[in-house]
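Below is one structure, written out as structure tokens, with a few remarks after it.
Order of listing sets the numbers, starting from 1, for every ligand and every atom in it.
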Amino acid sequence: MDALRLLTTNVKFRHKPVEEEAEKKEELKNELFSGGKVKITGSNPIDPVTEFPDCIFKDNLEKQYVQDCSAIQRYSIPILSSKRDLLACAPTGSGKTIAYLFPILYSLQSHVEGGYRALIIAPTKDLCEQIYKQAKRLTVNSSVHVTELNKSNEKIQEKSPQLRERYDVCITTPMRLIHALRSGLKLDKVEFVVMDEADRLFEEGFVEQTDEILSACTNPNVCKSLFSATLPSTVEELAQTVARDPLRVIIGTKDTSRSIDQKLLFVGSDSSKVVIFRQMIANGEIKPRIVVFVQDIERAKALYTELMFDEIHVGVIHGELPEVKREEVLNKFRKGDVWVLIATDLLARGIDFHGVKMVINFDFPQSVHSYIHRIGRTGRAGHAGKAITFFTKEDSEYVKLVAGVMKASGCEVPSWILSLPKPSKGTKKKLKKSPPKRKKITTRASYDRHKELRKKEHIKKLKRDASLAKQKGKEGSTENDNTKLNYL
Ligand SMILES: Nc1ncnc2c1ncn2[C@@H]1O[C@H](COP(=O)(O)OP(=O)(O)OP(=O)(O)O)[C@@H](O)[C@H]1O
């Protein structure tokens, strides 16, 4: 462990005096809410508002203790209310959901029979569910009706298409919407289309679906807006082709996370990770609630199995879990019954938790954007957060990617990391396609694992022999084999 400590970069957090912490919090809040660094481009820019315009939706926001507009909201409200297309890039946790929901509801005002008038598209079901809940809270006591188009209610709406006429706002994933389109859904009344996590929606695998949806929105005056915390230039170019004379608003500096204290931690090899993680918990360096990101579903399951008896109230979420189970785990984490949530990149984007103190990248992320979205699960709505990224020898060629974000966000990065060569485009692509092969997560010695395997095989063989003997009617042998089984 001593050797590992020597290799560690900035493991220990600086213990700042309370006033310094408070000052930093205030600074962050100012940056997020008073506008901070804002760049607006496009023809005839629109002036920002200073507060939410008076309406029922504002009253509902106040009930949720949301009073001042965040920077992105100050710009998106007048832009979307005047039906201008918008490309918006603002940091994780800066209130982008309300930034599009509020002006859309404000423009729709009240219910109109006839079909969806606003479409909100997000890449995952979990995110749609979260947006839906926020939209429901905003529309209390108003006549605007919101639906989340998911597997179960799609079937109901398909059987009785007149039900669709009842809703003004539809929140869904691209796949679900395409399915509904193919079974007769019409989008000709749509006045607003929002693409949340827009860069993901314009990525390979999603872009064709996004295209099909946009072509189905035949209203010539449809207002399109794209929101994300990361907007790579390739995606922006694509987005510019679907938008009409858009305004582009960038809050803060692109690809930074200023509210998060970020650290890199060299852990030697994959097999040391669990031990180091446990040690950090024991030392109090990791305090709940935390989100721990791993590379894939198998590793998520394995880490969960490894930590489940550690009395740290661990939970796990990944794409193989059924929807109901996912929702249950998320609720437990929100309520504080789960302290350590192990997750795959499924959870990296958009999901909003209050009070997440830290994000641990147990496995190195596969892209800069995945890094930004993952660590963005902490440090939300003006609060400060911490993120630690483990890296091994195999990850070292990619470390510079993350170091760049850290530096731009104002975090300390050891000079030797900054002097590493910049990864080429090819290296970045390679990482995104196939991450490094990782050693299985387990702290049990391989001798123990082999012993267990041999034991299992032996039991199987005995059972097989016993049933064969039974079939042949050999009296006594079954009894003997079963007696043998009891001794194992
Ligand atoms: N004006 C505001 N004042 C205070 N809190 C706000 C305000 N706007 C939004 N919030 C709160 O901030 C949190 C983060 O908001 P939201 O989930 O919309 O962030 P986001 O920018 O979409 O983040 P991400 O990029 O991770 O999706 C939410 O809990 C939300 O209720």
query = Does NZ or CZ of Arg289 lie under 6.0 Å from the centre of the six-membered ring of Phe333, at an angle within 45° of the ring axis?
reply = yes
message = Centre-to-centre under 6.0 Å for Tyr167 and Tyr116, is that the case here?
response = no
query = Is a salt bridge present between Glu412 and Lys263, judged by a nitrogen-to-oxygen distance below 4.0 Å?
reply = no
message = If we set the cut-off at 4.0 Å for heavy atoms, which region of Lys96 has an atom near ligand 1: side chain, backbone, both, or neither?
response = both
ask   = ligand 1 versus Asp68, non-hydrogen atoms closer than 4.0 Å: side chain, backbone, both, neither?
value = backbone
query = Relative to the heavy atoms of Ser70, which atoms of ligand 1 are at a distance of less than 4.0 Å?
reply = 1 (N)
query = Does NZ or CZ of Lys224 lie under 6.0 Å from the centre of the six-membered ring of Phe192, at an angle within 45° of the ring axis?
reply = no
query = Going by the angle between their ring planes, with limits at 30° and 60°, are Phe362 and Phe277 parallel, tilted or perpendicular?
reply = perpendicular
ask   = Does Tyr65 reach ligand 1 with a nitrogen or oxygen that is under 3.5 Å from one of the ligand's nitrogen or oxygen atoms?
value = no
message = What I want to find out is whether Glu191 reaches Lys83 closely enough, with some N-O distance under 4.0 Å, to be called a salt bridge.
response = yes
ask   = Are Ser43 and Asp245 close enough that a side-chain donor and a side-chain acceptor fall under 3.5 Å?
value = yes
ask   = Out of Ile251, Leu61, Ile98, whose heavy atom sits nearest atom 10 (N) of ligand 1?
value = Ile98
ask   = Judged by non-hydrogen atoms, does His373 sit under 4.0 Å from ligand 1?
value = no
ask   = At a 4.0 Å cut-off, with the gap strictly under it, does some heavy atom of Pro91 reach an atom of ligand 1?
value = yes
ask   = Is there a heavy atom of Glu197 sitting under 4.0 angstrom from any atom of ligand 1?
value = yes
ask   = Taking N or O atoms only and a 3.5 Å limit, does Gln67 qualify as a polar contact for ligand 1?
value = no
query = Would you call Glu203 and Lys432 a salt bridge, using N to O less than 4.0 angstrom?
reply = yes
task = Tell me which part of Gln73 gets within contact of ligand 1: side chain, backbone, both or neither, using heavy atoms under 4.0 Å.
result = side chain
query = Touching ligand 1 at all, Gln64? Heavy atoms, strictly under 4.0 Å?
reply = no
task = For Thr97, take its heavy atoms, then give the atoms of ligand 1 lying under 4.0 Å from any of them.
result = 16 (P), 17 (O), 18 (O), 22 (O)
query = Taking non-hydrogen atoms only, is Asp352 closer than 4.0 angstrom to ligand 1 via side chain, backbone, both or neither?
reply = side chain
task = Could you establish whether Gly93 and ligand 1 come within less than 4.0 Å of each other, counting only heavy atoms on the residue side?
result = yes
note = Honestly, for Arg377 the part within reach of ligand 1 (heavy atoms, under 4.0 Å) is side chain
query = With a 4.0 Å cut-off, would you call Asp261 and Lys386 a salt bridge?
reply = no
